[in-house]
Amino acid sequence: MSLPAGLARALKASAARGEGLLLALDFDGTLARLRRRRDAPRLPARRRALLRSLARTPGVRVLIVSGRELADLRGRCSSWPVLARFRRK
């Protein structure tokens, strides 16, 4: 999936000015629909493709935020780098 032309142009212009974009999105309820069963949500293929396109755009970083355990999140976002989990105490 490619980015909409207007968005791609705006991101390219932003990168040319040395500006960056950090896109931080929550997994449950934003990237994946909320489900009653905690083991049911998955990252839909179209959203995965769009996130990949965004992440490959110069100057753009994509971060997936979640309260899930790392192993669980890695399984749901296969082929997507999951680096760390922060737990509120």
Participant: Excluding sequence neighbours, so at least two apart, what forms side-chain contact (heavy atoms from CB on, under 4.5 Å) with Ala71?
Facilitator: none

Participant: Just how far is it from atom CZ of Arg61 to atom CG of Leu23, taken to the nearest 0.5 Å?
Facilitator: 12.0 Å

Participant: Taking only residues two or more places apart in sequence or in another chain, which ones pass side-chain contact (heavy atoms from CB on, under 4.5 Å) with Arg56?
Facilitator: Arg52

Participant: Sorted by first residue and then second, give each side chain to side chain donor-acceptor pair (under 3.5 Å) pair with at least one member in residues 24-36; sequence neighbours left out.
Facilitator: Asp28-Arg68

Participant: If I take atom CZ from residue Arg48 and atom CG from residue Leu43, how far apart are they, to the nearest 0.5 angstrom?
Facilitator: 4.5 Å

Participant: Same hydrophobic cluster for Leu22 and Val65, using side-chain heavy-atom links shorter than 4.5 Å among ILVMFWY?
Facilitator: yes

Participant: Check whether any side-chain heavy atom of Leu25 sits under 4.5 Å from a side-chain heavy atom of Leu51, and report yes or no.
Facilitator: yes

Participant: With a cut-off of 3.5 Å and sequence neighbours excluded, list every side-chain donor-acceptor pair involving residues 7-16.
Facilitator:
{"from": "Ser14", "atom 1": "OG", "to": "Glu19", "atom 2": "OE1", "distance (Å)": "3.2"}

